[in-house]
Amino acid sequence: MSIVVREVTKLYGEQKALDNVSFEVKTGEIVAFLGPNGAGKTTMMRIITGFIPATAGRVFVDGIETSEENTEIRKNIGYLPENNPLYPEMYVREYLGFVASLYKTGSSVKEQVKKIIDVTGLTREQNKRIGSLSKGYRQRVGIAQALVHNPGVLILDEATSGLDPNQIIEIRNLIREAGREKTILLSTHIMQEVEAICDRIIIIDRGVIVADENKSDIYLKIRRQRQVVEVEFDIDPGGDLLSEIRNLSRIRKIREGLWQVESEAEEDIRPVLFEFAVSRKLTVLSLRKEESNLEEIFRHLTAG
């Protein structure tokens with residue numbers, strides 16, 4: 001099943017939360033939907049799932065338009081909101097049975113619940129009250145309720161928020177396994193999570209899509225736009241001399257003799273630094289080009 005978002009705008013009064021947003025998520029993809037707080041991620045997810053309407057534009061899941069009135073399409077969507085709303089007084093098995101019964105899929109509720117309890121690792125906790133569970137197990141229950149009706153599309157908003165490292169790995173593995181046969185749109189602030197499980201990255205900032213790339217392509221794109229090199233000389237040349245080097249956009253002194261320089265030029269700046277050293281009778285003691293990571297890319301695209 002696919003998600004197709006076409007020219008979606010959302011206004012809250014005069015505030016524009018989403019501005020003409022368009023993208024697609026193909027069947028079987030796990031796509032990260034990233035952005036700073038207030039960028040419009042949660043609003044977009046709520047529109048996709050039909051919980052709130054768009055001011056303008058259209059959203060399709062499996063070719064069917066979603067809306068507040070279209071409850072039938074929700075059988076194909078599993079949704080874990082950021083705050084993971086649960087009924088703390090209910091027991092795990094009881095709650096999942098209640099959720100499964102709401103979808104009226106025609107399948108045996110008992111069988112659905114048993115299967116999803118096994119898949120999400122809730123077997124030992126199934127007879128406990130939700131309110132007595134740890135944060136990690138409550139997140140598992142939230143993911144279980146999103147999966148219990150076997151939807152083709154899974155929308156996860158901060159699925160691993162507040163979990164410890166072991167719990168994060170377990171939830172990531174669960175998402176990765178679900179992604180073998182489902183279309184997943186995942187919002188997170190944990191960049192290692194994106195690098196570990198996602199195929200594609202969409203970045204939104206102030207309601208506008210600023211990047212939509214395969215994971216490998218976004219690294220190549222940012223490397224072409226920005227180089228960061230640490231260079232150490234035997235004698236400190238000083239910032240004034242370094243500023244004479246062509247195509248440098250930023251110079252920062254780390255300590256005596258050691259400098260970090262940035263360039264937005266396409267040509268590799270390392271030979272230029274060697275030429276500079278030779279012309280000034282300096283010796284380059286070390287030269288290291290930093291590899292861009294996703295956190296730096298995110299900051300670069302959403303800063304300012």
Side-chain angles (χ1 to χ4, degrees), residues 1-8 18 20-35 40-52 54 57-68 70-82 99-100 102-107 112 115-116 118-120 142-160 171-188 193-204 209-219 221 294:
M1 291 187 176
S2 62
I3 302 169
V4 178
V5 176
R6 287 283 176 264
E7 299 175 347
V8 168
L18 296 170
N20 199 38
V21 171
S22 296
F23 62 87
E24 294 185 23
V25 182
K26 297 177 182 177
T27 303
E29 277 191 306
I30 303 179
V31 175
F33 194 47
L34 309 180
K41 304 185 301 298
T42 297
T43 296
M44 186 74 257
M45 289 180 157
R46 288 174 178 169
I47 291 172
I48 292 171
T49 52
F51 280 88
I52 62 173
R58 306 171 77 183
V59 176
F60 301 87
V61 172
D62 198 29
I64 302 171
E65 188 166 6
T66 66
S67 67
E68 285 182 296
N70 191 347
T71 56
E72 191 66 23
I73 192 60
R74 296 189 190 181
K75 291 180 181 180
N76 292 325
I77 302 173
Y79 179 38
L80 174 63
E82 182 180 4
V99 173
L102 294 177
Y103 287 99
K104 300 178 182 178
T105 60
S107 303
Q112 286 176 281
K115 181 179 179 181
I116 206 62
D118 290 341
V119 167
T120 54
I143 293 176
Q145 67 79 28
L147 288 168
V148 71
H149 56 297
N150 194 28
V153 170
L154 197 56
I155 309 291
L156 304 175
D157 197 354
E158 300 292 345
T160 59
I171 297 298
R172 283 181 191 167
N173 290 337
L174 183 59
I175 294 169
R176 190 185 293 111
E177 188 64 30
R180 294 180 184 273
E181 56 184 30
K182 301 183 186 300
T183 301
I184 299 179
L185 186 65
L186 169 70
S187 171
T188 180
E193 194 162 284
V194 176
E195 294 174 329
I197 64 176
C198 295
D199 308 308
R200 204 169 106 233
I201 298 168
I202 298 173
I203 300 178
I204 187 170
I209 300 294
V210 295
D212 184 353
E213 311 272 354
N214 289 330
K215 188 167 60 178
S216 58
D217 291 342
I218 200 167
Y219 286 107
K221 182 177 180 181
L294 188 54

Just how far is it from atom [atom1] of [X] to atom [atom2] of [Y], taken to the nearest 0.5 Å?
X	Y	atom1	atom2	value
Leu80	Thr49	CG	OG1	11.5 Å
Ile3	Phe23	CD1	CZ	6.5 Å
Glu24	Glu29	CD	CD	9.5 Å

Hey, are Asn150 and Lys182 close enough side-chain-wise for a donor-acceptor pair under 3.5 Å?
yes
So, using side-chain contact (heavy atoms from CB on, under 4.5 Å) as the criterion, who are the partners of Asn20 when residues are at least two apart?
Glu7, Thr9
Step through the shown structure and confirm whether more than 12 heavy atoms of other residues, nucleotides or ligands are within 6.0 Å of CZ on Arg46.
no
Under 6.0 Å from the ring centre and within 45 degrees of the ring axis: does the NZ or CZ of Arg200 meet both conditions for the six-membered ring of Phe33?
no
In the structure I gave you, are the side-chain heavy atoms of [X] and [Y] within less than 4.5 Å of one another anywhere?
X	Y	result
Glu177	Arg172	no
Asn76	Pro151	no
Leu18	Met44	yes
Ile209	Ile202	yes
Ile197	Leu186	yes
Ser187	Glu158	yes
Leu34	Ile201	yes
Val59	Val8	yes

List the steps and the verdict of side-chain hydrogen bond (donor to acceptor under 3.5 Å, both in side chains) for Glu193 and Thr160.
CA-CA 9 Å; Glu193 194 162 284; Thr160 59; 2.4 Å; yes
[Y] backbone acceptor or donor facing [X] side chain under 3.5 Å:
X	Y	answer
Thr183	Ser2	no
Lys75	His149	no
Lys215	Cys198	yes

